Amino acid sequence: MKMNKDKDFILQLQAGQCVSCGICAESCAYGAIRMGDFPEVDEENCRLCGACVQACPVGAWVMQRQDERQEQPVDDSNGIWVWAEVMDGALAPVSRELLGKAVALAACRPQPVEAVLIGGEVAAWADELIAAGADRVHVVESPLLSDFVEENYTEVWAGLVRKQHPSVLLIGATPCGRGLSARLAAVLHTGLTADCTELEMDTDSGLLRQIRPAFGGNLMATIVNPVCRPQMASVRPGVMKARQKDTSRRREIVYHAYEAGRADSRVRVLETVAEEVGGTSLNDSSIIIGIGRGVKTRRCADEIREWAERIGATVAGSRAAVEAGLVDASVQVGQTGHTIAPDLYIAIGISGQIQHTAAITGARCVIAVNPDRTAPIFNVADYGWAIPVEEALPQFMNILNRCV
């Protein structure tokens with residue numbers, strides 16, 4: 001237990017004002033305040049929730065946040081770093097996608113592309129990351145990192161960033177990446193643009209243009225961070241293109257030690273439960289059939305599923321279809337769902353609002369069926385058929401059954 005004697009700790013006691021009433025200790029939900037002559041805070045257990053500050057009747061506790069945004073000089077930063085996420089013994093596809101984008105960004109303003117591998121047994125992926133475009137791979141390997149714990153991974157990341165000073169940090173917007181990126185940005189006192197769908201590099205200023213849908217998908221916002229480093233963005237899987245592997249590339253692999261004492265003692269994994277979800281992953285599907293509001297009956301949706309099975313396709317849906325109970329929320333495509341990049345996307349009864357179309361820009365070919373000739377989906381479709389779904393479906397199935 002490390003009781004607070006550090007003047008740099010955010011939570012501080014103004015001893016001259018304290019009356020040792022003990023109210024702060026009673027208000028702490030984490031048992032982080034111990035009463036002696038004066039209250040003392042346990043830094044390891046303190047969550048900085050501020051309950052003690054609010055409960056103190058004399059205002060003796062204060063939260064004094066130091067401005068650490070300039071931990072490193074902005075012009076001292078260099079390099080585009082990518083988190084190479086490894087889960088369940090496999091490298092997440094978004095890691096290769098981000099490396100491909102990082103190489104393209106580095107071509108606009110020359111700087112090294114580096115990948116970071118963190119985990120229990122992850123070093124074997126280093127060569128593949130180099131083949132995918134990394135100029136250097138940082139490996140932090142320890143049995144203590146076998147389970148993904150945000151606090152521990154954040155501590156590793158923060159240490160590397162403070163030593164190496166990268167200019168840009170890219171993380172996949174996966175279930176793990178979303179939480180890690182937000183926590184890391186807070187620890188580093190820098191900005192984060194979440195769920196980006198596009199990235200651009202300003203060749204003159206070196207500013208990363210982070211582009212994402214905003215205001216319910218009604219516009220695309222371009223965000224830059226001119227002050228803090230690193231410039232951080234989380235990127236939706238499936239929207240960037242991975243580079244073709246070059247196994248002849250030979251680059252540097254750097255190993256970093258991880259000491260047992262650095263693990264956060266407040267958090268430990270008790271059990272990991274794998275839940276099996278039926279169906280094929282949307283990220284692995286070459287043909288996806290999307291169901292929208294225009295599919296008005298469950299019977300019609302079932303017919304589409306039967307047809308999808310025959311041609312080896314996966315059925316997904318818009319938010320309207322999820323709300324109507326036609327498809328499960330786990331296969332929702334759109335701003336609040338998945339971003340996809342299949343070889344063929346067939347949109348049946350989908351109007352094509354920007355919340356949906358922004359998530360299918362990676363599809364190589366889009367076929368749309370909708371009775372409304374003015375539906376926005378036709379603006380992004382390669383082929384369109386403006387007739388009711390019920391009339392089109394039998395003919396549509398016959399045509400594509402012969403072609404697939």
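We count residues from 1, following the sequence as given. This is a predicted model, so every value here is computed, not measured. Only heavy atoms go into these numbers, but all of them, side chains included; no hydrogens, no water, no symmetry mates.
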Practice item. Decide whether Q231 and T190 meet the rule of one side-chain donor and one side-chain acceptor closer than 3.5 Å. Key: no

Review point. Is D202 salt-bridged to R209, going by a charged N under 4.0 Å from an acidic O?
Key: yes

Point to revise | Listed partners of A25 passing side chain to side chain contact (heavy atoms under 4.5 Å, CB included), at least two apart | key: I33, M35

Review point. Are C18 and W61 side-chain neighbours, meaning at least one heavy-atom pair lies under 4.5 Å?
Key: no

Practice item. Report, as yes or no, whether the 6.0 Å neighbourhood of atom CZ on R298 holds more than 12 heavy atoms from other residues, nucleotides or ligands. Key: no

Exercise for review: Could you point out which residue of R212, Q210, M240 forms a side chain to side chain contact (heavy atoms under 4.5 Å, CB included) with V235?
Suggested key: M240

Check your understanding: Can you name the residues that form a salt bridge (Lys or Arg N to Asp or Glu O under 4.0 Å) with R243, not counting sequence neighbours?
Key -> none

**Study point:** Salt-bridge contact K101-E198 (side-chain N to carboxylate O under 4.0 Å)
**Key:** yes

Point to revise | Sub-4.5 Å side-chain heavy-atom contact between P166 and V161 | key: yes

Review point. Within the distance-only criterion (no hydrogens, no angle test), does the side chain of D382 pair as donor or acceptor with the backbone N or O of V366 below 3.5 angstrom?
Key: yes

Exercise for review: Carefully, step by step, assess R162 and W157 under the rule side chain to side chain contact (heavy atoms under 4.5 Å, CB included).
Suggested key: CA-CA 9 Å; R162 286 168 176 152; W157 259 112; over 6 Å; no

Exercise for review: With side chain to side chain contact (heavy atoms under 4.5 Å, CB included) as the test, would you mind laying out the steps for I348 and I289 before giving the verdict?
Suggested key: CA-CA 7 Å; I348 301 179; I289 301 174; 3.6 Å; yes

Check your understanding: Can you list the residues that meet the salt bridge (Lys or Arg N to Asp or Glu O under 4.0 Å) rule with D147, with sequence neighbours excluded?
Key -> none

Point to revise | Short side-chain to backbone donor-acceptor contact, H338 and V331, under 3.5 Å | key: no

Review point. With sequence neighbours excluded, what pairs up with A329 under the side chain to side chain contact (heavy atoms under 4.5 Å, CB included) test?
Key: V322

Point to revise | A233 versus C196, closest heavy-atom pair with distance | key: CB-SG, 3.9 Å

Point to revise | Contact summary for S27 and C24, nearest pair of heavy atoms | key: OG-O, 2.8 Å

**Study point:** S181 (side chain) donor-acceptor with G177 (main chain) under 3.5 angstrom
**Key:** yes

Point to revise | side chain to side chain contact (heavy atoms under 4.5 Å, CB included) evaluation trace for W83 with C176 | key: CA-CA 11 Å; W83 181 36; C176 293; 4.2 Å; yes

Exercise for review: State, to 0.1 Å, how close P342 and S286 come at their nearest heavy-atom pair, and which atoms those are.
Suggested key: CB-O, 3.5 Å

Review point. Would you say the side chain of K296 lies within less than 4.5 Å of the side chain of V389, judging by non-hydrogen atoms?
Key: no

Check your understanding: Does Y153 have any ring pair (Phe, Tyr, Trp, His ring centres under 6.0 Å) partners at least two apart in sequence or in another chain, and if so, which?
Key -> F148

Practice item. Please lay out, stage by stage, how L199 and L170 fare under the test side chain to side chain contact (heavy atoms under 4.5 Å, CB included). Key: CA-CA 10 Å; L199 299 171; L170 305 179; 3.8 Å; yes

Check your understanding: Can you list the residues that meet the side chain to side chain contact (heavy atoms under 4.5 Å, CB included) rule with R373, with sequence neighbours excluded?
Key -> A386

**Study point:** Short side-chain to backbone donor-acceptor contact, R249 and A134, under 3.5 Å
**Key:** yes

Practice item. Enumerate the residue pairs fulfilling ring-ring contact (aromatic ring centres under 6.0 Å, His included) with a member in residues 236-255, sequence neighbours excluded, ordered by first and then second residue. Key: none

Exercise for review: Look at R305 together with D302 and state whether they make a salt bridge at an N to O cut-off of under 4.0 Å.
Suggested key: yes

**Study point:** Residues forming a salt bridge (Lys or Arg N to Asp or Glu O under 4.0 Å) with E200, sequence neighbours excluded
**Key:** none

Practice item. Determine the minimum heavy-atom distance between G191 and N225, stating which atoms define it. Key: N-ND2, 3.4 Å

Review point. R34 versus D42: any side-chain heavy-atom pair under 4.5 Å?
Key: no

Revision key, fill the gap. Closest non-hydrogen atoms of Y30 and N45, given as atom of the first, atom of the second and distance, are CB-O, 3.7 Å

**Study point:** Residues that A320 engages under side chain to side chain contact (heavy atoms under 4.5 Å, CB included), provided they are two or more places apart
**Key:** R293, S318

Exercise for review: Test side chain to side chain donor-acceptor pair (under 3.5 Å) on E85 and T174 and set out the steps.
Suggested key: CA-CA 9 Å; E85 179 180 354; T174 61; 2.7 Å; yes

**Study point:** By salt bridge (Lys or Arg N to Asp or Glu O under 4.0 Å) - contacts of D195 (at least two apart)
**Key:** R178

Check your understanding: So do the side chains of T339 and P237 get within less than 4.5 Å of each other, counting heavy atoms only?
Key -> no

Check your understanding: For the side chain of S142 and the backbone of L144, is there at least one donor-acceptor N/O pair under 3.5 Å apart?
Key -> yes

Could you pull out all donor-acceptor pairs under 3.5 Å where a side-chain atom in residues 107-130 meets a protein atom, sequence neighbours excluded?
| residue | atom | partner | partner atom | Å |
| --- | --- | --- | --- | --- |
| R109 | NH1 | T203 | O | 2.9 |
| R109 | NH1 | D204 | O | 3.0 |
| Q111 | OE1 | G79 | N | 3.0 |
| Q111 | NE2 | R109 | O | 3.3 |
| E114 | OE1 | W81 | NE1 | 3.3 |
| E114 | OE1 | R136 | NH1 | 3.4 |
| E114 | OE1 | H138 | NE2 | 2.5 |
| E114 | OE2 | R136 | NH1 | 2.6 |
| E128 | OE2 | R96 | NE | 2.8 |
| E128 | OE2 | R96 | NH2 | 2.3 |
| E128 | OE2 | K245 | NZ | 3.3 |

Check your understanding: What pairs with T247 under side chain to side chain donor-acceptor pair (under 3.5 Å), at least two apart in sequence or on another chain?
Key -> none

Review point. In Å, rounded to the nearest 0.5 Å, how long is the span from CD1 of I80 to CG of L98?
Key: 11.0 Å

